[in-house]
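Residue numbers begin at 1 in each chain, while the letters A, B, ... track the order of the sequences. All of these numbers come straight from a predicted model, not from anything done at the bench. Every heavy atom of this structure was used, including side-chain atoms; hydrogens, water molecules and symmetry mates were not.
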There are 2 protein chains.
Amino acid sequence: MLLSYTEENYLKALLKITFDSGVEKVGTNELASALDVKPATANDMLKKLKEKMLVDYKKYGKINLTSEGKKIAIEIIRKHRLWETFLYQKLEFSWDEVHEVAEQLEHIQSQKLVDKLDKFLAYPEFDPHGDPIPNSKGEIKVYHKKTLSEMTPGTTCTMVAVKDNSSPFLQYVVKVGLGINNEIKIISIQEYDLMMVIEVNGQRSTVSQKFAENIYIVNK
Amino acid sequence: MLLSYTEENYLKALLKITFDSGVEKVGTNELASALDVKPATANDMLKKLKEKMLVDYKKYGKINLTSEGKKIAIEIIRKHRLWETFLYQKLEFSWDEVHEVAEQLEHIQSQKLVDKLDKFLAYPEFDPHGDPIPNSKGEIKVYHKKTLSEMTPGTTCTMVAVKDNSSPFLQYVVKVGLGINNEIKIISIQEYDLMMVIEVNGQRSTVSQKFAENIYIVNK
DNA sequence: AAATATTGTTAGATTAACCTAACTTTGTAT
DNA sequence: ATACAAAGTTAGGTTAATCTAACAATATTT
Ligand SMILES: [Mn+2]
Ligand SMILES: [Mn+2]
Ligand SMILES: [Mn+2]
Ligand SMILES: [Mn+2]
């Protein structure tokens, strides 16, 4: 089935919302705001996607991807993350620059291109942000449940991924001396506003709770 | 200036027509048929491109790209040919498969991507079809004026490029044992229908005039 | 120079993706 | 249980890119 660029973005957004929020109670407003359109617009598209049997929903009910819809969404995420890896590893892009371009490249239609790119990159498992790349069968390892904000003072953890992919956030992460696989020591947490003092390779920084919620970690 | 995918294709088509036909008297019908739309549609788009000062034309007159329009068209051709080279050299695509995918990739908007891709490929001068790749300043070497159909029996030449980029033609070229930089010996030409007997690496084949018109060559 | 053929233009319609404004349904708080 | 707020839907409209059908201008042929 051939989908438009726009339709693909709706499917991808639906999947990402369920990934990020954990729950799968996706609503029209939430979907619309993720795509930066008005709820009325999202509603129109939902009718079309329902017609194409890619989403499952009824008036005033919750939205779910069908298995076909989910399959397509995963394929788009696979392409997105493979392209990000290509840009980062082969073309010397920095990790805060890859996302924007991958947003375009993920819509290129060519099964052969995806397969060959995957091979060229030696079947990478993670993208530059630490997110798992679905394999050619559409299987994704679901990782990172825990964020830096859940850690307690005195403990140490390893950063495995970032939740926010925006350029400003990623540049901030670099400024703090952080990157994928770095060790983070939690020095202290301010009771009042949950500001956290962390140490990375000897460099101490104070970061906000919002910042800490966007760093995925695993325990040491 | 941000152009739509469609607008870019009109500019590219205008430039390609003047390249291929030599003359720059491009008309509405010709443009429409190159883009596989109806003349009425092309006419609407011409008004829009004129408004944006990318083409120069008046009612019932001939169509010309402005220098700005030409600059953009060359940039798209540059991207197209760089992507074809990437697919061919790095991803093991065959030369009859690259064009279709490059038609999509040429519309990706990122100056950095183009520059880095060019560097990654070591600043290639020709694409897999032998066509020159415009450099970052938009300069193109205009090559291939002569085709195999202009050769006479007993002479020898070297194939430098193909005019037709379609998959069936390119597969036929391979079947005849031909490729870029191969030597072609013209054995004989049939007076009646201009069929040509050629020899490539010891392999003799009879090819039509239409075939011969789509092979660019230089004299030995 | 007329007649005819070719080429180019206009008018009016359609579809996809968006919008605003008004309305309806569902959920929450008094 | 009612009232209010939040979420979701519908109606009607816009723009970009396409179409068909009718018309107008230009080019070619007799
Ligand atoms: Mn991304
Ligand atoms: Mn990523
Ligand atoms: Mn091509
Ligand atoms: Mn080419």
Side-chain angles (χ1 to χ4, degrees), chain A residues 1-14 17-18 20-21 23-65 69 72-73 76 103-104 106-107 109, chain B residues 1-14 17-18 20-21 23-65 69 72-73 76 103-104 106-107 109:
Chain A
M1 186 182 343
L2 282 190
L3 298 180
S4 71
Y5 181 107
T6 308
E7 288 168 324
E8 289 193 343
N9 279 337
Y10 276 84
L11 295 179
K12 186 182 63 153
L14 283 169
I17 290 170
T18 64
D20 292 356
S21 67
V23 200
E24 84 295 350
K25 294 197 318 169
V26 183
T28 307
N29 285 2
E30 194 178 5
L31 175 60
S33 104
L35 288 159
D36 207 25
V37 296
K38 299 297 174 205
T41 305
N43 189 263
D44 282 350
M45 182 58 84
L46 284 173
K47 286 176 189 165
K48 208 204 308 182
L49 294 175
K50 184 187 177 177
E51 198 56 46
K52 294 190 175 185
M53 308 226 290
L54 299 171
V55 302
D56 207 10
Y57 99 116
K58 46 185 95 64
K59 244 205 235 184
Y60 296 105
K62 287 306 170 185
I63 308 158
N64 279 290
L65 287 169
I72 294 170
I76 299 164
E103 287 289 311
Q104 298 178 62
E106 71 189 6
H107 300 290
Q109 307 271 184
Chain B
M1 188 182 341
L2 283 191
L3 298 180
S4 70
Y5 181 107
T6 308
E7 288 168 326
E8 289 193 345
N9 279 337
Y10 277 85
L11 295 178
K12 187 181 62 156
L14 283 168
I17 290 169
T18 64
D20 292 357
S21 68
V23 199
E24 85 295 349
K25 292 195 320 166
V26 185
T28 307
N29 285 2
E30 194 178 5
L31 175 60
S33 104
L35 287 160
D36 207 25
V37 296
K38 301 293 173 211
T41 306
N43 188 262
D44 283 350
M45 182 58 85
L46 285 172
K47 287 175 188 165
K48 207 203 310 183
L49 294 175
K50 184 187 179 178
E51 198 56 45
K52 294 190 175 186
M53 308 225 290
L54 300 171
V55 302
D56 208 9
Y57 101 116
K58 48 185 92 67
K59 246 206 239 189
Y60 296 105
K62 288 304 169 187
I63 308 158
N64 280 290
L65 286 170
I72 295 170
I76 299 164
E103 285 290 310
Q104 298 179 59
E106 71 189 6
H107 300 290
Q109 308 271 184

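Annotation: of the two residues near DNA chain C, B:Glu30 and A:Ser4, the 5′-most nearest-nucleotide partner is B:Glu30. Annotation: of the two residues near DNA chain C, B:Lys59 and A:Val37, the 5′-most nearest-nucleotide partner is B:Lys59.
Inter-residue side-chain proximity for B:Leu65 and B:Val26 is flagged as unmet; no heavy-atom pair is nearer than 4.5 Å. Taking 4.5 Å as the limit, every side-chain heavy atom of A:Met45 sits out of range of all side-chain heavy atoms of A:Val37. Within the 4.5 Å cutoff, the side chain of A:Lys62 has no heavy atoms near those of the A:Thr28 side chain.
In this structure, NZ of A:Lys58 is placed 12 Å from P of C:dT26, rounded to the nearest angstrom. In this structure, the OH atom of A:Tyr60 is 17 Å from the P atom of D:dA6, given to the nearest Å. The NZ atom of A:Lys25 sits 13 Å away from the C1' atom of D:dA6 (whole-angstrom rounding). Atom C1' of nucleotide C:dA16 and atom CD of A:Glu8 are separated by 15 Å, given to the nearest angstrom. The distance between atom CG of A:Leu3 and atom C1' of C:dA16, rounded to the nearest whole Å, is 14 Å. Distance B:Glu7 CD to D:dA16 P: 9 Å, rounded to the nearest Å. Distance, A:Met45 CE to C:dT15 P: 16 Å, rounded to whole Å. As rounded to whole Å, 8 Å separates atom P of C:dC18 from atom CG of A:Leu35.
Contacts of B:Ala40 with the nucleic acid, taken as non-hydrogen atoms under 4.0 Å apart, include base atoms. Using a 4.0 Å heavy-atom distance criterion, A:Tyr10 is classed as a sugar-phosphate-only contact.
Listed nucleotides D:dT18, D:dT10, D:dA25 differ in distance to A:Lys47; the shortest reach to its side chain belongs to D:dT10. Ranking D:dC19, D:dT18, C:dG8 by closeness to the B:Lys38 side chain, first place goes to D:dC19. Comparing C:dT10, D:dT9, C:dC19 by their nearest atom to the side chain of B:Asn43 picks out C:dT10. Among the nucleotides C:dC18, D:dG8, D:dC19, the one closest to any side-chain atom of B:Asp44 is D:dC19. Taking every side-chain heavy atom of B:Tyr57 into account, C:dT9 is the closest of D:dT9, C:dT9, C:dC19. Taking the side chain of B:Thr41 as heavy atoms from C-beta on, and the options C:dC18, D:dC19, D:dT26, the nearest nucleotide is D:dC19.
At the phosphate of C:dG8, OP1 or OP2 sits under 4.0 Å from a side-chain N or O atom of B:Lys62. Phosphate proximity of D:dA16 to B:Thr6: absent, as no side-chain N or O sits under 4.0 Å from OP1 or OP2.
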* Asked: For B:Asn9 and B:Glu106, what are the C-alpha separation, side-chain angles and deciding distance, and is it a side chain to side chain contact (heavy atoms under 4.5 Å, CB included)?
  -> CA-CA 10 Å; B:Asn9 279 337; B:Glu106 71 189 6; 3.5 Å; yes

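The pair A:Lys12-A:Glu7 does not count as a salt bridge, with every side-chain nitrogen at least 4.0 angstrom from each carboxylate oxygen.
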